[in-house]
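Here's the structure, in structure tokens; my notes come after.
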Amino acid sequence: MELQHFSHKHPLVFIEKQNHESEKAYCSGCGELVSGSSFSCVECGYYLDKLCAEAPSEINHPFHCNHSLKLQVIPPFRNICDFCDKGLDKFVYHCSCDLNLHIKCALLSKSIAEKGFGKLDDIPHKEALVSIENFSEELKGAKCFACWQRLLDFAYLDLGHGIFLHKKCVDLPTEINHFLHSQHSLILQFNSKPLPCQMCKKTQLKGFVYRCSPCEVALQITCAELPTKINHLCHRNHPLFLKFDPESLPCQICQNTQDEGLVYCCSICKFKLHIDCASPPPIIKGEIHEHPFTLFWKQLPFICDACGTTGNCASYTCYKCSLTIHGNCISLPPIIKFPRHRHPLSHTFILGQYEMKTLICEACPEKVNAQHGVYCCSDCNYVVHADCAQEYNWFSFYELEDMDEDLNEKSAFAVIKVSKLGEDIVVASEIKHLNHQHNLVLSNDYEGHKVCDGCMLSISTLFYCCSQCEFFLHKSCAEAPKKKYLWFHQHQSPLTLTSNHIFRCPRCFFWFNASFAYKCNICKSYRCLACALISDTPTFQGHKHRLYRYDKYEGQCNGCGDQLHAAYVCKDCKFAVHNRCLRLPSKILHEYDEHPLILTYHEDNLYSEYTYCDICEETRNPNHWFYHCAICNTSAHRECVVKRHSYMKLGGSYRMRSHPHRLTFTKKISACHVCHQPCLDLSLECLKNGCDYIVHLECITWQSFNYSFIEREDEGTS
């Protein structure tokens, strides 16, 4: 018997039983080793097993009733099977709506649909186990092909070829009526066009859903199975009904508020449970503890042994160790990377096993309770509340070749000469910095007002200077490493020291065009040098104690009086400042006064009656910081002295896409070509004689954090 198959140019001969050649042959339709009857072209070594050879070129699939599926030899561009989620490289049943199925996945699922899920009862099922440690990695990550939930959560059937089905999904009806879409029935379909579920609002990408195609309404299988009325141990007075959350009440178990979707409610008692919280798994095994935790249904307050915070219902208990914890805390990682500490932190239920010198959380000014779980580094005497540690779980950590503890010590300059300061101190007296073309010499000549080209702040300590050009660098700025981790930056990968870029620092919101900065090679953003060098536990000349960064602080800033939601806080005093006030320059020159203005933290009796600003002539709050010149008795608001462009350097040569000539930064009272108002602040002016083009910087950058459309012509460093 011969068969002329559309996939091959020669006739295929039927082989009823395997011979020596076909025993090692692979089917060109499904890619599996040929077994049993097959068709072959001996001349070309082309084989198709009987099922693939006789598969129709077009089928109508009950789980995809909108269109027919056509058999293709070459897989489409999106080469993933929508049934088993594995790659496609052989025959494919394809639909124009982008549904793609392996040939055998299509025929198997069609057979299931036509015979009914119930016909699978004769396949032996495997029970779900509490521990999955003995299962292969494939099974641990496998999903049920119907509901697309984790396979090992329930008893399941193994249909072969890596295809699995929960036993509970065997009895799925192919058509249902649901109160969320009463107009039409919902039909069980392939999830070929993912839509958000009408109940949980989540979008399932694979598996099956109940769908109304005309209305484009979808309902996930797990949501469709939910009962509309339950009796619950946490609320025994009345039944709970499944409905949309009418009052945005917090869930009585997890205490969180759900923005949208359905919940179980008792309208009489204003009692609410999230759907997931209403039926949590009875036993959970997590990495945080060696034993599994068992659900304890009792509406009693408790303190979680994993995080130290309170709970109100549905705790999980390890009876062997007498530990009681939140359900969410079972998934806490045993070891975490914490951006504010160089070593990984380990979770412990027993802090007393380590000889910790302090019990103060390093991430907030609160004391940790040694009776409950925390994260700690025992080598460094470093301890953090479990909740505080999780505040940084959205950070991205990158394993790179140059990730080592000494990275921050790698110098950005080469030492040319050294000198002695006293008998024991040796310093580099001449250096070559990677961000400047000439050698720099150490100096202590503070006469005149010099500004550091690294941080753009006044110089009053040892600095390096260039004998060939007006270039100055604080000794501390010169010692900034060429690569550095920034504890506050989302991407925990080394940032690179660079210079002469035009950017707005998203940490302090000041603009820069000639200073040093650290550039993230992942998000391409910049941080100014002053912000980058502030640690999470800085010292500050305006306060006698060390400060600590606290991301949940609520209060007022001692510098400006603004309401704070995160701050640098003193653990000993009621003192708190935000980053913008913390990095204010202690001394700055301003055009209003010939002398440097000094940042002053409190009023002095000699001039306390004159609480107004000499720049804007408005009143000042005497409790807020201000700038003062004692020689001229001049006082001014901080914001009148330090503006967003105060660190921008005038001059230079730049190119802008919207103007054909070279531009320079200037301050000149002329009409702006964009807004036609006088330019009272920083502007860009054309350098070409006869061209009167001038534009406010704000008029072209008000929406942007960088000047990517302005290029520096003399930019030689990066």
Side-chain angles (χ1 to χ4, degrees), residues 402 407-419 421 426-484 486 494-505 510-521 524-534 583 585 587-589 645-655 662 664-665 706-707 710-718:
D402 57 355
L407 180 70
N408 290 348
E409 306 300 325
K410 293 183 179 178
S411 177
F413 63 82
V415 177
I416 307 300
K417 292 180 182 179
V418 296
S419 299
L421 291 180
V426 177
V427 296
S429 57
E430 185 176 347
I431 63 171
K432 174 66 177 71
H433 199 279
L434 62 84
N435 283 346
H436 191 67
Q437 65 269 36
H438 307 131
N439 288 358
L440 304 177
V441 179
L442 189 65
S443 174
N444 59 358
D445 179 12
Y446 310 130
E447 285 194 19
H449 185 72
K450 298 180 178 69
V451 173
C452 173
D453 286 279
C455 64
M456 303 305 295
L457 300 177
S458 296
I459 289 178
S460 58
T461 58
L462 281 175
F463 65 98
Y464 288 98
C465 63
C466 179
S467 59
Q468 301 182 50
C469 56
E470 290 287 313
F471 185 88
F472 306 100
L473 206 57
H474 284 125
K475 183 174 179 290
S476 57
C477 292
E479 292 169 349
K482 60 183 177 182
K483 288 196 174 185
K484 182 176 178 64
L486 301 186
L495 279 75
T496 304
L497 186 67
T498 182
S499 66
N500 291 330
H501 291 284
I502 309 171
F503 69 97
R504 184 186 183 192
C505 176
F510 292 122
W511 288 95
F512 299 86
N513 68 332
S515 68
F516 287 7
Y518 279 99
K519 179 183 179 181
C520 176
N521 296 313
K524 309 303 180 184
S525 64
Y526 297 88
R527 300 298 185 276
C528 74
L529 187 63
C531 287
L533 296 182
I534 296 176
R583 60 99 63 222
K587 181 174 71 171
I588 189 171
L589 266 185
H645 296 137
S646 292
Y647 301 116
M648 294 285 282
K649 208 169 187 178
L650 300 182
S653 179
Y654 300 86
R655 288 282 185 183
R662 291 181 299 116
T664 189
F665 283 109
N706 66 73
Y707 294 133
I710 305 175
E711 296 178 357
R712 186 183 180 103
E713 273 207 335
D714 56 347
E715 185 174 346
T717 54
S718 60

Problem set entry | Over 12 foreign heavy atoms within 6.0 Å of NZ, Lys432 | yes

For this session: Show your working on side-chain contact (heavy atoms from CB on, under 4.5 Å) between Cys528 and Arg583 and close with a plain yes or no.
Result: CA-CA 11 Å; Cys528 74; Arg583 60 99 63 222; 3.3 Å; yes

Exercise. Does Asn513 use its side chain to pair, donor to acceptor, with the backbone of Met648 at less than 3.5 Å?
Worked result: no

For this session: Might you work through the side-chain contact (heavy atoms from CB on, under 4.5 Å) test for Leu442 and Lys475, ending with a clear yes or no?
Result: CA-CA 8 Å; Leu442 189 65; Lys475 183 174 179 290; 4.3 Å; yes

Problem set entry | With Phe510 via ring pair (Phe, Tyr, Trp, His ring centres under 6.0 Å) - residues at least two apart | Tyr647

For this session: Say whether, by atom type as modelled, one donor and one acceptor occur between the side chain of Asp453 and the main chain of Phe472 under 3.5 angstrom.
Result: yes

Exercise. How far does OG of Ser646 sit from CG of Leu589, to the nearest 0.5 angstrom?
Worked result: 11.5 Å

Exercise. Of the non-hydrogen atoms in His474 and Ser458, which two are nearest, and what is the gap between them?
Worked result: NE2-O, 3.0 Å

Exercise. Between CG of Asn500 and CG of Asn435, what distance do you get to the nearest 0.5 Å?
Worked result: 7.5 Å

Problem set entry | Residues Tyr464, Glu430; criterion side-chain contact (heavy atoms from CB on, under 4.5 Å); working and verdict | CA-CA 8 Å; Tyr464 288 98; Glu430 185 176 347; over 6 Å; no

Seminar exercise, completed: Partner of Lys484 under side-chain contact (heavy atoms from CB on, under 4.5 Å), picked from Leu533, Thr496, Leu495, is Leu533

For this session: Apply side-chain contact (heavy atoms from CB on, under 4.5 Å) to Ala412 and list each qualifying residue two or more places apart in sequence or on a separate chain.
Result: His433, Leu434, Lys482, Leu497

For this session: Could you tell me whether the side chain of Ile459 reaches within less than 4.5 Å of the side chain of Cys452, counting heavy atoms only?
Result: yes

Problem set entry | Gap separating the CG atom of Leu529 from the CD1 atom of Ile534, nearest 0.5 angstrom | 10.0 Å

For this session: Please tell me if the side chains of Tyr518 and Pro481 come closer than 4.5 Å, counting only heavy atoms from C-beta onward.
Result: yes

For this session: Determine, stepwise, if the pair His436 / Cys469 fulfils side-chain contact (heavy atoms from CB on, under 4.5 Å).
Result: CA-CA 10 Å; His436 191 67; Cys469 56; 3.3 Å; yes

Problem set entry | Residue pair Ser476 / Thr461, side-chain heavy-atom distance below 4.5 Å | no

Problem set entry | Donor-acceptor contact present, side-chain Thr664 to main-chain Gly652, <3.5 Å | yes

For this session: Would you please name every residue forming a ring pair (Phe, Tyr, Trp, His ring centres under 6.0 Å) with His449, sequence neighbours left out?
Result: none

For this session: Look only at the side chain of Thr498 and the backbone of Lys519, and say whether a donor-acceptor pair between them is shorter than 3.5 Å.
Result: no

Seminar exercise, completed: So CG of Asp445 and SG of Cys465: to nearest 0.5 Å the spacing works out to 8.0 Å

Exercise. Do the rings of Phe463 and Tyr446 sit parallel, tilted or perpendicular, given the 30° and 60° boundaries?
Worked result: tilted

Problem set entry | Ring centroid separation His438 to Phe471 under 6.0 Å | no

Seminar exercise, completed: OH (Tyr526) and NE2 (His501) are apart, to the nearest 0.5 Å, by 4.0 Å

